[in-house]
Amino acid sequence: MSEQKSIKIIGGGLAGCEAALQLAKLDWLVDLYEMRPNKMTSAHQTPFLAELVCSNSLKSELLSTASGLLKEELRLLDCELLKIAENNKLPAGNALAVDRNAFASEVTDRINNNPNIKVIYQEVTTLDDDLTIIATGPLSSDWFIQSLLQIVGSEDLFFFDAIAPIISTESIDLDKVYYKARYDKGSADYLNCPFSKEEYQRFVEALIVSEKYIGKEFEREYFNDLRQSKDLKFYENCMPIEELARRGEDTLRYGVMRPVGLEDPASGKRPYAVLQLRIENKDRTAYNLVGCQTMMTQASQKNVFRLIPGLENAEFYRFGSIHRNTYLNSPHLLADDLTLKQKRSIYVAGQLSGVEGYVESIASGLLVSLIVGKKFFSLPEETIIGQLWRRLTNEENQPFVPINANYGLLPPMQEIIKGKQKKKELLAARSIKALKDFFGS
């Protein structure tokens, strides 16, 4: 009988937990290192593994969206965290939103109760020659990053990321807001805060003139340098709402606050703009302000977000905040099997590798674990997960920025398809077929 293989995983986020569960299924012994709760980050709130920091939404489940297609691919690959997410699903229309604490709690229980996984709650500050998966995420500790950079011999790349506030349901004026599904498709799971033109203009102006966060501790020097140069670097999908407001008065109402399909059911009229609130937990005691990632000070958040109709007396369970987000120049640093070229015993997964998004991070952890477990060393180019893999290892992909699932990653259809919706449906069908054929199912 052969001896069980063992591996070290550094980081108990989405990628690290998915990798641990997958390798445990393959009868590997896993030492999973997580520095929290002994050492907390600037954004985490709980001691749980796989805590969802920014939003509680894993985006759309529709196959006409790249996020929906990636989820279907993960189901075919027997993804563990996706099953747990579905166990803790909240009503959110066509999106997969979860009770974030219940989700993280179940992941933590699954990890702690797995006989093949040992959780070690301590910070890792040096890297040795052991077989290792690094999945420390965008908030990797300074000591760990310095140790990693000694190996790769290159400066790390980082930018700033922002998260949205969460408010108490009891503090919402339900006489001013309403439930509705956009275009009346799906269930009406979002609360909608309707703006008149005057209310919207006042809100935008307040965003622009609000007092902004000033970085502290390890973030201060870089943040202040960027602030002086007015060249703040944010990931576009997590752009602070006040930065969007600076781009023009109509930017928000043509974007995250677009009112089309959200007519007030009482009057039948379309508001000038709408801000949506998404359920935070199964008990519906809290809501997330959709699209309101922010770098405003807490005092400014109270003043500005209480200008939203229905939120005049909002009570904040969590204020929005800004934090550093770190990732590697992976196409330059990673080999085809997602190991560091300079140290082939070390694999990199999750957001540190340059994928952006919850589902993408889960996919990355699953991908690395299956490579380690020798389940496969290629995936069809027609799949989202296969293309994410290729983008992380193709040196032509420069300058490198974080990658999320999108249909632009996929090779074009051979035939000309009229209609965006039809084209996406055919691309999704092609991807699913390619993946099933690849595994002979």
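In this text, all values refer to a predicted model and were calculated from it rather than measured experimentally.
- For N404 and E360, the side-chain atoms include no donor-acceptor pair closer than 3.5 Å.
- At a threshold of 4.0 Å, the pair K25-D78 counts as salt-bridged, since one of the basic side-chain nitrogens sits closer than that to a carboxylate oxygen.
- The aromatic ring centres of F316 and F319 sit less than 6.0 Å apart.
- Side-chain polar atoms of T383 and E73 form no donor-acceptor pair below 3.5 angstrom.
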Show me, pair by pair, the donor-acceptor contacts under 3.5 angstrom made by side chains of residues 346-355, not counting sequence neighbours?
unit_1 : atom_1 : unit_2 : atom_2 : d
Q351   : NE2    : E356   : OE1    : 3.4
Q351   : NE2    : E356   : OE2    : 3.3
S353   : OG     : G350   : O      : 2.6

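- Using a 4.0 Å cut-off between charged nitrogen and carboxylate oxygen, K89 and E86 do not count as a salt-bridge pair.
- In this structure, the side chains of E51 and L49 stay at 4.5 Å or more apart for every pair of heavy atoms.
- In this structure the side chain of L334 never reaches within 4.5 angstrom of the side chain of K341, judged on heavy atoms.
- Looking at S57, its side chain does come within 3.5 Å of a backbone N or O of K59 through a donor-acceptor pair.
- Looking at every heavy atom in both residues, W28 comes nearest to N116 through O-CB, 3.3 Å.
- Remark: E61 engages R75 in a salt bridge, criterion side-chain N to carboxylate O under 4.0 Å.
- Using a 4.0 Å cut-off between charged side-chain N and carboxylate O, R246 and E243 make a salt bridge.
- The closest donor-acceptor contact from the side chain of E242 to the backbone of I208 lies at 3.5 Å or more, if one exists at all.
- Listed here is the closest heavy atom pair of M413 and L427: SD-CD2, 3.5 Å.
- With respect to D129 and K343, a salt bridge is recorded, a charged nitrogen being found less than 4.0 Å from a carboxylate O.
- For E382, there are no salt bridge (charged side-chain N to carboxylate O under 4.0 Å, His left out) partners at least two apart in sequence or on another chain.
- Looking at heavy atoms from C-beta onward, K118 lies out of side-chain contact with V30 at the 4.5 angstrom threshold.
- In this structure, Y200 contributes its side chain and E249 its backbone to a donor-acceptor pair below 3.5 Å.
- Side chains of R278 and S55: a donor on one and an acceptor on the other come within 3.5 Å.
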